[in-house]
Number of protein chains: 2
Amino acid sequence: MSKVKLQDIAIKAGVSMMTVSRVMNNDPKVGAKTREKVSKIANEMHYKPNIAARHLASSRSYFIGLVCEYANYSYVSKFLVGALRKCRTSGYHIILDEATSHREKTIATIKDLIYVTKVDGLILLPPISNIPEVVDLLVSENIDFVRIAPDINLTASHYICIDDYQAAFEVTEKLILNGHKRIAHIIGSPSQGASRMRYQGYLDALRSNQLMIPPEYIEQGDFTYKSGLDAAKRLLELTNKPDAIFAANDEMAAAVVSVAHMKHLDVPEDVSIVGFDDTELATTIWPNISTVTQPLEEMAELAIDILTTPKTPSPPKKPKMSSMRHVLEYQLQLRDSSKNNVNLT
Amino acid sequence: MSKVKLQDIAIKAGVSMMTVSRVMNNDPKVGAKTREKVSKIANEMHYKPNIAARHLASSRSYFIGLVCEYANYSYVSKFLVGALRKCRTSGYHIILDEATSHREKTIATIKDLIYVTKVDGLILLPPISNIPEVVDLLVSENIDFVRIAPDINLTASHYICIDDYQAAFEVTEKLILNGHKRIAHIIGSPSQGASRMRYQGYLDALRSNQLMIPPEYIEQGDFTYKSGLDAAKRLLELTNKPDAIFAANDEMAAAVVSVAHMKHLDVPEDVSIVGFDDTELATTIWPNISTVTQPLEEMAELAIDILTTPKTPSPPKKPKMSSMRHVLEYQLQLRDSSKNNVNLT
DNA sequence: CTGAAAGCGCTTACAG
DNA sequence: CTGAAAGCGCTTACAG
């Protein structure tokens with residue numbers, strides 16, 4: 001039974017509730033002796049602060065809202081793992097919410113999170129991170145939020161990303177280095193900045209190597225397996241088939257592998273396939289997909305960190321500093337779905 | 001700005017806070033006129049009840065805890081989708097938590113959920129649903145909880161499952177019907193009841209068809225892709241290879257497909273492969289995996305339903321009724337990873 | 001470094 | 001069917 005409350009500890013320790021409260025919140029200005037005594041008693045009595053009371057009295061809820069489009073997504077899962085891990089050590093809890101399709105519903109979901117649940121901060125996963133109305137709402141309500149891989153209004157909040165452009169550039173160059181000349185690309189969802197960046201990186205790598213590819217080599221996908229399937233079918237039915245396909249995420253790359261198998265093409269002998277993200281899926285199919293490792297768990301931890309670190313109190317409308325941009329390191333992950341003649345790392 | 005509170009509405013409507021509170025909680029004993037007037041004003045003012053205040057004053061937190069072992073799991077993701085969907089319409093929120101490996105940490109996580117966050121109810125996913133200490137704790141603290149596919153202490157709580165035994169039996173019989181005689185099985189994690197049930201169903205189907213299989217056809221996995229990989233390698237290197245492999249979940253079945261490909265075996269010509277669960281993965285690899293569709297989203301919705309439906313107040317130690325067992329329908333899903341000569345549905 | 005008072009925004013339990 | 005009072009368990013802001 002943990003009906004122990006602050007007052008019980010206070011009485012037992014012979015101090016005021018305030019002192020106990022201070023000890024529980026690691027307030028430095030408590031005498032070492034008092035602190036120790038109170039801590040000991042609190043532990044013995046298995047005291048746990050009531051989060052609702054704490055929330056009501058203070059301005060902190062100890063909740064972080066995490067908003068994604070579909071929870072059933074390997075990208076989201078991987079992120080979630082990092083976020084949960086970080087929360088376990090910081091006393092915060094994650095309220096996960098899906099905000100699907102309808103823009104109005106998305107706004108409603110977020111309003112609920114900030115007005116009802118009153119989260120201390122919000123993490124917006126793509127493509128939610130790119131909805132102007134959401135950004136405007138959070139800014140005008142002065143809510144702390146961190147966006148993952150956003151594309152718009154970059155000064156509005158902290159955001160975390162990798163250098164998608166550079167990674168895509170490197171991926172493409174690596175393919176070129178390994179002898180590929182007919183490299184196709186499946187673009188990701190148009191609602192995400194990362195899609196554009198990756199596409200651009202691919203394009204520029206071709207250009208800087210004086211490679212021309214036919215326009216049919218560019219396919220528009222939307223990051224789903226299904227879209228990858230359709231794109232891959234078209235690509236691999238071309239008379240002048242590509243000898244390498246770079247898909248903007250692993251889901252679509254997995255689809256390309258499937259289509260290659262259906263058509264009895266050897267991967268990577270007949271066609272090299274590269275994905276992006278390095279989600280669980282990349283190593284769950286055969287051959288394992290060459291991809292770009294995005295440190296999603298680390299990104300999640302950083303997001304929680306930003307949101308839970310108390311700010312130096314400052315007027316809300318203060319100009320934001322440029323350190324709101326957090327670019328983490330990616331890593332090329334060469335596996336069996338692509339030919340790796342050079343640099344067999 | 002939504003700093004509107006109960007009192008503001010009360011003043012504007014010229015009634016007491018209690019009346020507003022009653023209207024917000026759909027208390028039937030409020031006059032129709034009053035109700036309408038109050039509702040209207042509350043809407044106009046964009047009133048949202050403060051969840052923390054509500055929680056502190058009443059005994060409900062409007063939070064449901066969902067505890068899984070690894071969030072990064074297609075089974076968990078699929079369940080999550082259903083749970084979130086249901087929550088959106090019921091005013092509840094999901095607090096997701098991972099409880100990994102260490103039993104003591106698992107207990108600590110759950111204690112935190114019930115003592116600190118004070119969730120109204122808890123959903124335990126396998127294998128957490130099978131930890132006796134957890135079940136005992138929740139029972140002794142008189143916390144509402146629903147378990148998914150538990151194996152122990154079945155009278156301790158509501159639980160939701162499918163008939164794993166029957167499903168496995170049918171899967172195996174279907175394979176037999178389609179001409180397979182050398183059917184291997186990869187058992188799931190020993191910490192889950194479903195593994196035993198599926199194994200037993202497989203065994204009994206063989207027996208009832210007078211089929212003998214060598215002991216090497218039984219492999220112990222643990223539901224991970226990795227374990228499936230190891231098991232599949234052993235199975236497909238046997239001199240007397242199986243002509244069908246029934247893995248206890250999709251992850252392991254996907255691994256079998258990978259190994260078959262590595263060994264240049266044709267699926268399903270050389271070996272039929274069947275999984276279980278019908279998670280995203282089953283249709284993300286090629287060939288798509290034949291499997292058993294488990295209505296995980298529906299199971300999630302039911303769990304939330306059970307937890308959020310107000311109970312008829314009754315003394316806690318009352319004998320539980322047998323209706324705590326909820327068995328949902330599964331469905332055989334025949335796809336391209338298995339031969340389907342008969343019954344091409 | 002420590003404490004007494006007031007209040008966060010609701011609901012419970014009791015009247016009428 | 002409606003309301004006045006008290007309190008949920010903490011923290012803020014102010015004293016000392």
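Heavy-atom basis, side chains included; hydrogens, waters and symmetry copies ignored.
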Participant: Partner of C:dC14 by Watson-Crick or G-U wobble geometry, both contacts under 3.5 Å, or none?
Facilitator: D:dG3

Participant: Quickly work out the A:Tyr115 OH to C:dC8 C1' distance and round it to whole Å.
Facilitator: 19 Å

Participant: Write down the distance between CG (B:Asn25) and C1' (D:dT2), rounded to a whole number of angstrom.
Facilitator: 16 Å

Participant: Taking atom CG of A:Asn72 and atom CZ of B:Phe79, what is their separation to the nearest 0.5 Å?
Facilitator: 13.0 Å

Participant: When the distance from NZ of A:Lys29 to P of C:dG3 is rounded to whole Å, what number comes out?
Facilitator: 15 Å

Participant: Using OP1 and OP2 only, check whether a side-chain N or O of B:Ser21 sits under 4.0 Å from C:dT11.
Facilitator: yes

Participant: Determine the interplanar angle of the B:Tyr92 and B:Tyr62 rings, folded into 0 to 90°, and report it as parallel if under 30°, tilted if 30 to 60°, perpendicular if over 60°.
Facilitator: tilted

Participant: The side chain of A:Ser58 lies closest to which of these nucleotides: D:dT11, C:dT2, C:dG9?
Facilitator: D:dT11

Participant: Less than 6.0 Å separating the ring centroids of B:Tyr75 and B:Tyr70?
Facilitator: no

Participant: Where each residue is assigned the nucleotide of DNA chain D containing its nearest heavy atom, which of A:Met18 and A:Leu56 is assigned the position nearer the 5′ end?
Facilitator: A:Leu56

Participant: Counting only side-chain N and O atoms of A:Asn50, is one of them less than 4.0 Å from OP1 or OP2 of D:dC8?
Facilitator: no

Participant: Quick check for you: among D:dG3, C:dT11, D:dG9, whose closest atom lies nearest to any side-chain atom of B:Ala57?
Facilitator: C:dT11

Participant: Is B:Thr19 close enough to D:dC1 that one of its side-chain N or O atoms is under 4.0 Å from OP1 or OP2 there?
Facilitator: no

Participant: Under 4.0 Å between a Lys/Arg side-chain N and an Asp/Glu carboxylate O for B:Lys40 and B:Glu44?
Facilitator: yes

Participant: Going by the salt bridge (charged side-chain N to carboxylate O under 4.0 Å, His left out) test, name the single residue among B:Lys111, B:Lys105, B:Arg103 that passes it with B:Glu133.
Facilitator: B:Arg103

Participant: Take the protein atom CD1 of B:Ile51 and the nucleotide atom C1' of C:dT11, then report the distance between them rounded to whole Å.
Facilitator: 15 Å

Participant: If I take atom CE in residue A:Met45 and atom P in nucleotide D:dG9, what distance separates them, rounded to the nearest angstrom?
Facilitator: 14 Å

Participant: Which is more 5' along DNA chain D, the nucleotide nearest B:Val30 or the one nearest A:Arg54? Just name the residue.
Facilitator: B:Val30

Participant: Roughly how many Å is it from NE2 in B:His55 to C1' in C:dT12, rounded to a whole number?
Facilitator: 15 Å

Participant: For B:Lys48 and C:dC8, give me the distance from atom NZ to atom P, rounded to whole Å.
Facilitator: 22 Å

Participant: Give a yes/no answer on whether the side chain of B:Tyr47 brings an N or O atom under 4.0 Å of OP1 or OP2 in C:dC10.
Facilitator: yes

Participant: What's the CE-C1' distance between A:Met17 and D:dG9, to the nearest Å?
Facilitator: 7 Å

Participant: Can you figure out which of C:dT2, C:dC10, D:dT11 approaches the side chain of B:Lys5 most closely?
Facilitator: C:dC10

